[in-house]
Number of protein chains: 4
Amino acid sequence: MADATHSSEQLRLFIERIERLEEEKKAIADDIKLVYGEAKAEGFDPKTMRTVVRLRAMDKNDRQEQEALLDAYKAALGLAE
Amino acid sequence: MADATHSSEQLRLFIERIERLEEEKKAIADDIKLVYGEAKAEGFDPKTMRTVVRLRAMDKNDRQEQEALLDAYKAALGLAE
Amino acid sequence: MADATHSSEQLRLFIERIERLEEEKKAIADDIKLVYGEAKAEGFDPKTMRTVVRLRAMDKNDRQEQEALLDAYKAALGLAE
Amino acid sequence: MADATHSSEQLRLFIERIERLEEEKKAIADDIKLVYGEAKAEGFDPKTMRTVVRLRAMDKNDRQEQEALLDAYKAALGLAE
DNA sequence: CCGCGGGAAAC
DNA sequence: GTTTCCCGCGG
């Protein structure tokens with residue numbers, strides 16, 4: 001078998017593995033959407049839920065720095081609560 | 001002139017007006033990016049700036065409600081500051 | 001058990017389900033990165049591979065866009081159904 | 001004048017420039033909506049018009065993708081330059 | 001009220 | 001630069 005053919009076959013296999021994994025990833029993304037939908041049906045706000053998921057994923061120090069910076073900008077612009 | 005031709009011409013004119021406006025819109029969007037770039041060069045954080053722009057655009061009551069809801073979710077999840 | 005507590009618990013469960021799914025999604029994304037890495041080690045160009053994957057995935061969408069385009073042309077010519 | 005005050009003032013000016021530009025952008029976006037509304041009033045379908053506008057805008061990108069596809073096929077066949 | 005599409009943000 | 005996420009509009 002020629003090298004070019006070998007190479008094509010190898011490429012095809014890599015591409016197919018990736019496509020299979022992309023399908024799985026999409027399936028999980030769809031599951032996540034479903035859970036947000038369930039939560040919404042129970043009266044929770046998806047937007048705020050996404051915010052807390054993001055906050056929990058952040059390092060505690062990073063989170064505090066972000067919040068401190070935002071507070072500073074709010075104060076500078078008279079947006080303090 | 002046949003109606004079909006008239007209609008095509010009319011459609012073409014509408015499409016071209018829209019495309020012209022889209023170009024203008026893009027030019028302004030580019031200007032906005034430039035301002036964020038300038039601010040960043042002065043040491044400001046663009047991400048936080050976008051947040052305050054969004055907050056200022058929001059109605060005050062809406063903003064307070066959002067913040068209250070977020071605080072409630074944080075408390076429920078032990079994320080209180 | 002108080003309603004507030006019930007609600008908090010319910011929220012916590014939704015959040016945890018989402019976080020679990022997000023972890024799975026990330027694991028798969030990491031697997032995909034690994035496959036690109038393997039392919040690269042075999043001499044393939046990851047960037048071009050991503051292009052191929054994207055083009056193959058777009059095929060069905062493209063067909064739909066083509067159909068939309070055809071309909072648009074029909075409309076422009078007054079032949080819309 | 002204290003540095004903090006200077007900084008606040010500088011931030012305020014950046015924010016106001018951005019807000020001004022955002023207003024202009026919104027005005028143009030509103031104009032675009034008006035044109036779609038006029039076209040609709042003349043019997044054209046806004047949804048299909050948007051599709052046409054998108055396809056026309058994508059033309060140059062498509063050409064680039066086509067070239068990328070050609071290169072990808074070359075690579076798959078071991079003919080990469 | 002939902003889904004789609006465009007615009008912005010993260011990696 | 002690419003991909004993912006969010007918001008706002010249209011149906």
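Lettering of chains follows the sequences in order, A, B, ..., and the numbering in each one begins at 1.
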K.L.:
Between Arg63(B) and Asp59(B), is there a salt bridge with N-O shorter than 4.0 Å?
P.N.:
no
K.L.:
Can you name the nearest heavy-atom pair linking Leu21(A) to Ile28(C), along with the distance?
P.N.:
O-CG2, 3.3 Å
K.L.:
Any side-chain N or O of Arg54(D) below 4.0 angstrom from OP1/OP2 of dG6(E)?
P.N.:
yes
K.L.:
For Leu55(B) and dC7(F), give me the distance from atom CG to atom P, rounded to whole Å.
P.N.:
12 Å
K.L.:
Give a yes/no answer on whether the side chain of Arg50(A) brings an N or O atom under 4.0 Å of OP1 or OP2 in dC6(F).
P.N.:
yes
K.L.:
What I want to find out is whether Arg17(A) reaches Glu24(A) closely enough, with some N-O distance under 4.0 Å, to be called a salt bridge.
P.N.:
no
K.L.:
Within a strict 4.5 Å, meaning less than it, do heavy atoms of the Val52(C) and Phe14(A) side chains meet?
P.N.:
no
K.L.:
Take the protein atom CG of Asp45(A) and the nucleotide atom P of dC1(E), then report the distance between them rounded to whole Å.
P.N.:
13 Å
K.L.:
Round to the nearest Å and state the distance from Met58(B) atom CE to dC6(F) atom P.
P.N.:
16 Å
K.L.:
Strictly by ring pair (Phe, Tyr, Trp, His ring centres under 6.0 Å), give each pair with a member in residues 46-67 of chain D just once, sequence neighbours left out.
P.N.:
none
K.L.:
Going by the rule salt bridge (charged side-chain N to carboxylate O under 4.0 Å, His left out), which residues pair with Arg12(A) if we only count those two or more places apart in sequence or in a different chain?
P.N.:
Glu9(A), Glu16(A)
K.L.:
Return the nearest nucleotide to the side chain of Lys47(B); candidates are dA10(E), dG5(E), dT3(F).
P.N.:
dA10(E)
K.L.:
Give me the residues of residues 14-40 of chain B where at least one heavy atom lies under 4.0 Å from an atom of DNA chain E, by number, or none.
P.N.:
Lys25(B), Lys33(B)
